[in-house]
> 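Have a look at the structure that comes next, please.
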Amino acid sequence: MSEKQKNMTANAPEPAEVRYDPAPIEEKWSALWKADPALYAAEPHTSQRPKYYVLEMLPYPSGALHMGHVRNYAIGDALARHMWMRGFNVLHPMGWDAFGLPAENAAIKNNVPPREWTQRNIEQMKVQMNRLGFSYDWSREVTTCLPDFYRWNQWFFLKLHEMGLAYRRKSKVNWCPECATVLANEQVVNGCCWRHEETTVEQKELEQWFLRTTKYSDELLDGIEKLDGWPERVRTMQRNWIGRSEGALVDFKLDGQAGAAGDTVSVFTTRIDTIYGATSIQLAPEHPLVKEFASAEGDLREQVDELVRQQGKAREAGDIGGIEKHGVFTGRYAVNPFNQEKVPIWAANYILMDYGTGAIMSVPAHDERDYEFAKKYDLEIRVVVLPRSIGQLADEHHAEAPLLPYTEMESLLINSGEFSGLPNDEAIEKMSAHAEKHGFGKKTVTYRLKDWGISRQRYWGTPIPMIYCGKCGVVPVPEKDLPVLLPQQVDITLMGGSPLSRVPEFLNVKCPKCGDAARRETDTMDTFVDSSWYFYRYTSPRAEDRPFDSQAAAYWFPIDQYIGGVEHAILHLIYSRFWTRFMRDLGLVRHDEPAERMFTQGMVIKDGAKMSKNKGNVVSPDDMVARFGADSTRVYSLFATSPDRELEWQDTGVEGVHRFLSRAYRFVMRHTGAARVGHEHGNGSHPRPGAGPGADGIPLPPKVRAVQRKLHQTIQRVTEDFQGRWHFNTSIAAIMELVNELYATEDEIASGKFPATVLAEVQRRLVLLLAPFAPFLAAELWEALGEKGSLLRHLWPEFEPALAKEDEIEYAVQVNGKLRARVVVPAETPEAEVREKALADDKVRATVGDQQVVKVIFVAGKLVNVVVK
RNA sequence: GCCGGGAUGGCGGAACUGGCAGACGCAGCGGACUUAAAAUCCGCAGCCCUGAAAGGGGUGUGGGGGUUCGAGUCCCCCUCUCGGCACCA
């Protein structure tokens with residue numbers, strides 16, 4: 001089309017209808033909202049309105065939001081806006097998880113200081129968030145890499161240290177050669193680094209700081225039971241992660257003389273009832289006793305080293321479960337304290353040093369792994385438990401019975417001395433008591449959960465506030481000297497240990513105790529420390545003499561709704577729960593759990609796979625905003641599926657949503673005149689659309705009544721979705737139906753049969769319903785309707801059941817459960833009449849024929865089922 | 001292996017405590033408007049058979065059984081799939 005033709009079209013006498021062009025609308029409002037942050041500020045905690053703290057997980061400032069963020073924030077923002085409209089005092093903050101490796105990598109690659117890189121990214125992402133219309137209270141912004149935040153990490157660390165919850169020990173750590181740093185167990189995925197999925201994690205011995213998370217093992221586990229506002233999935237994952245296992249410790253005396261590692265070997269078992277079937281002891285290859293036994297013998301040492309290598313390799317490959325079992329007899333024996341029997345001691349590559357005691361009693365008859373091992377090395381297999389039915393007949397000749405399930409609970413003991421004949425659950429109790437009475441064992445509990453190693457050999461993190469002095473040893477930095485500032489000019493490379501150890505001004509320090517030359521700790525903290533408590537800082541972000549104000553926290557906490565990705569179901573959420581308990585014991589807070597309700601949204605995928613640069617299936621939010629607008633992008637992310645499910649991104653779907661918003665926009669813009677009339681008639685207050693008949697008593701035309709009914713049904717559905725299941729896809733579908741219904745009334749409007757007061761009210765409420773999902777569009781239409789002020793006031797519409805009610809009901813009529821006819825009756829028709837009408841239906845009579853009607857089922861408002869024989 | 005989700009048209013998905021399967025949207029088809037196209041508006045649409053058509057009949061929620069007047073929904077067994085944990089003693 002030529003330029004001339006374009007102009008001609010534009011100047012055509014028939015004025016083209018106003019088009020929905022999101023860009024100018026969204027830019028206008030985002031500029032306004034940015035200039036007026038007070039719009040979103042929470043009221044002081046003296047507010048009479050009930051508080052509501054809605055929190056989305058803070059992002060890492062990578063430089064650009066991805067669709068997962070958009071989805072997460074669209075959910076949170078819809079909720080925050082809805083709660084505002086319901087009259088709550090809402091806290092809806094945002095911040096930056098700003099420490100971490102990518103900043104260092106960028107520094108190396110592009111020669112930009114991490115701080116600069118991070119701050120630039122934050123600015124970019126803030127622009128994106130503003131453009132997307134998220135209603136964050138930026139006056140409470142928290143950035144974890146700034147000293148006014150991380151000094152409190154250091155302060156907390158000192159407190160943890162005082163309370164004995166932080167300690168230092170040499171430990172084998174997971175080392176990612178790519179990151180050149182230590183990883184927490186939680187950061188190892190299938191033997192590889194969680195950031196470098198292709199990089200195998202190695203084992204290395206280093207002095208590390210640990211936080212005693214295990215002090216709270218039981219509390220963290222028991223607490224899960226009370227978290228009924230959390231997804232079952234997350235609760236299960238946490239239970240598994242804590243991995244509580246009840247059993248018993250039993251000490252076997254070593255046969256022969258005692259060495260440096262003692263004279264007993266202690267085993268952990270959950271099945272003490274099978275102890276008479278123990279035919280060997282299996283030790284982890286790194287067990288101190290194995291080391292002691294092997295030190296004397298070169299041959300054995302070599303074989304043991306091989307077992308260590310095999311286990312290390314399997315661990316690195318993330319396939320410890322698939323390891324081929326190997327073992328070696330140490331030449332030594334231990335004595336079973338129950339029957340005084342001598343059993344051989346082996347070292348085996350499938351026994352883990354970091355679970356239980358690193359030693360087991362091997363019961364081949366009742367454990368698959370032990371069975372496999374015993375078969376391979378020809379060890380004795382002795383049956384000591386049989387199912388109740390066989391058990392009563394059993395005698396020693398059953399020793400050849402096949403391997404029985406390890407957890408055969410309905411079973412009896414045989415060949416077990418004085419315990420023979422007992423059911424095994426009872427035997428567990430009696431035998432544990434027996435062991436305890438005689439001093440060679442006791443009931444105990446072990447956990448999978450380990451203490452949290454927080455030392456990182458990285459630059460871009462919180463310096464650990466500790467000093468090493470030749471005379472005084474490990475000395476905490478005095479509180480008055482906090483923060484220990486992270487130096488700005490640092491040469492970062494991936495080689496070797498901590499970059500801070502190469503900064504003399506940082507490293508060299510005087511001992512706070514004796515004043516002698518000393519050396520600073522050069523490791524920094526795991527960034528999960530920041531995210532363990534950042535949400536408390538939002539409640540008093542400028543507090544200068546403490547991490548946060550306890551009163552402010554007491555008002556806002558617990559978080560009413562926390563929203564984030566399921567990938568944080570274990571790490572971040574367990575650490576946060578730990579941290580809250582630690583702060584409780586420190587006296588800062590009074591509650592146990594940080595978040596009342598948790599919601600984990602599903603991943604955003606494209607073409608069946610997680611979006612990634614490698615696969616080239618990344619959808620950029622900026623791109624979507626440019627093509628369809630922020631509102632369409634947001635609404636689509638909520639409409640495509642329910643928030644807890646995986647979302648398969650489809651650009652055509654965004655287009656459809658855009659079409660819907662466009663329809664809503666054009667309809668309202670076309671009929672803003674009704675609002676003016678409505679205002680005049682309503683004396684400034686908002687008229688309520690009359691029930692059935694219009695305000696003047698004349699019944700509404702059927703299509704208008706249909707709109708009115710649909711409006712109230714929609715308000716009900718949307719309100720309920722917010723309160724319960726959060727199926728915003730159905731909320732939005734309902735609003736679409738309402739808009740479709742409105743389009744069907746154009747004739748009525750044109751002919752003046754649609755009362756302006758009713759129309760104005762429908763439009764107004766339609767806009768209010770849209771507000772949590774499409775805030776820009778809603779703001780624009782709100783203004784066009786002549787309304788003033790923020791939509792975020794106490795404005796959420798109430799639905800009126802009388803208006804939502806159907807006037808007529810269509811009953812489905814079934815014969816023997818098969819749909820045969822439909823009858824339409826007025827809503828209040830009595831049951832008998834409906835039954836009669838259903839039976840009188842031609843189609844029904846034809847189907848029934850001369851069969852006998854046995855009974856007729858009536859379901860009010862739904863159906864009639866005629867049962868015939 | 002254990003634990004927890006999930007499987008519904010060509011596609012994304014609806015169906016709250018058992019009660020008309022397929023709402024809403026995408027893609028598709030037909031019509032209106034237009035010189036034409038786009039946009040927009042209105043309509044059709046699970047699949048199969050039958051009929052010129054209106055219509056009629058059958059079938060249908062991963063598979064197999066069951067309970068029920070009635071099952072996508074409840075029970076039992078199985079398959080596939082996603083996620084978590086895993087020689088955890």
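Below, all heavy atoms of this structure are taken into account, side chains as well, without hydrogens, waters or symmetry copies. Chain naming here is simple, since letters A, B, ... match the order of the sequence lines and numbering starts at 1 in each. As the structure is a prediction and not an experimental result, all values here were calculated from the model.
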> Take A:Ser266 and A:Phe252 through the side-chain contact (heavy atoms from CB on, under 4.5 Å) test and state the conclusion after the steps.
CA-CA 6 Å; A:Ser266 185; A:Phe252 284 58; over 6 Å; no

> Within the structure shown, what part of the strands sits under 4.0 Å from A:Gln650 by heavy-atom distance: base, sugar-phosphate, or nothing?
sugar-phosphate

> Taking the same atom, P, in B:rA89 and in B:rC75, what whole-Å distance lies between them?
29 Å

> Base, sugar-phosphate, or nothing: which does A:Tyr743 touch, judged by heavy atoms less than 4.0 Å apart?
sugar-phosphate

> In this structure, which one of A:Gln310, A:Gln311, A:Glu324, A:Gln282 forms a side-chain hydrogen bond (donor to acceptor under 3.5 Å, both in side chains) with A:Asn349?
A:Gln310

> May I have the distance from A:Ile605 (atom CD1) to B:rG12 (atom P), rounded to whole angstrom?
10 Å

> Side chains of A:Asp251 and A:Thr264: any donor to acceptor distance under 3.5 Å?
no

> Give each stem of RNA chain B as a range with a range, requiring at least 3 consecutive Watson-Crick or G-U wobble pairs whose two distances are under 3.5 Å.
B:1-7 with B:79-85, B:10-12 with B:24-26, B:28-32 with B:40-44, B:46-50 with B:55-59, B:62-66 with B:74-78

> Given the C1' atoms of B:rC24 and B:rA15, what is the spacing between them in whole Å?
12 Å

> For A:His727 and B:rC16, give me the distance from atom NE2 to atom C1', rounded to whole Å.
10 Å

> Roughly how many Å apart are B:rG9 and B:rG83, using the P atom of each and rounding to a whole number?
22 Å

> Can A:Glu806 and A:Arg709 be counted as an ion pair, charged N to O under 4.0 angstrom?
yes

> For B:rG55, does the O4'-C1'-N9-C4 or O4'-C1'-N1-C2 angle fall within 90° of 0, making it syn, or is it anti?
anti

> Separation of A:Asp651 atom CG from B:rA27 atom P, in whole Å?
12 Å

> Write down the distance separating the C1' atoms in B:rA21 and B:rG70, rounded off to the nearest Å.
14 Å

> Would you call A:Arg235-A:Glu232 a salt bridge at under 4.0 Å N-O?
yes

> Taking the C1' atom in each of B:rC47 and B:rG10, what is the distance between them to the nearest angstrom?
12 Å

> Does a side-chain N-to-carboxylate-O contact under 4.0 Å join A:Asp841 and A:Arg820?
no

> Taking B:rA23 as the reference, what is the distance to B:rC3 when you measure between their C1' atoms (whole Å, please)?
34 Å

> Between B:rG4 and B:rU59, how far apart are the two P atoms, rounded to whole Å?
37 Å

> Is it true that A:Asp218 and A:Arg244 make a salt bridge, defined as a side-chain N closer than 4.0 Å to a carboxylate O?
yes

> Assign A:Glu720 to base, sugar-phosphate, or nothing according to its heavy-atom contacts below 4.0 angstrom with the strands shown.
nothing

> I need the CD1-P distance between A:Ile735 and B:rA14, as an integer number of Å.
16 Å

> Please write out the pairs of protein N or O atoms and N or O atoms of nucleotides 67-70 of chain B separated by less than 3.5 Å, giving the distance to one decimal.
from   : atom 1 : to       : atom 2 : distance (Å)
B:rC69 : O2'    : A:Asn865 : ND2    : 3.4
B:rC69 : O2     : A:Asn865 : ND2    : 2.5

> Considering only NZ, NE, NH1 and NH2 on the basic side and carboxylate oxygens on the acidic side, decide whether A:Glu648 and A:Lys606 come within less than 4.0 Å.
no

> Looking at A:Asp367 and A:Arg369, is any side-chain nitrogen of the basic one under 4.0 Å from a carboxylate oxygen of the acidic one?
yes

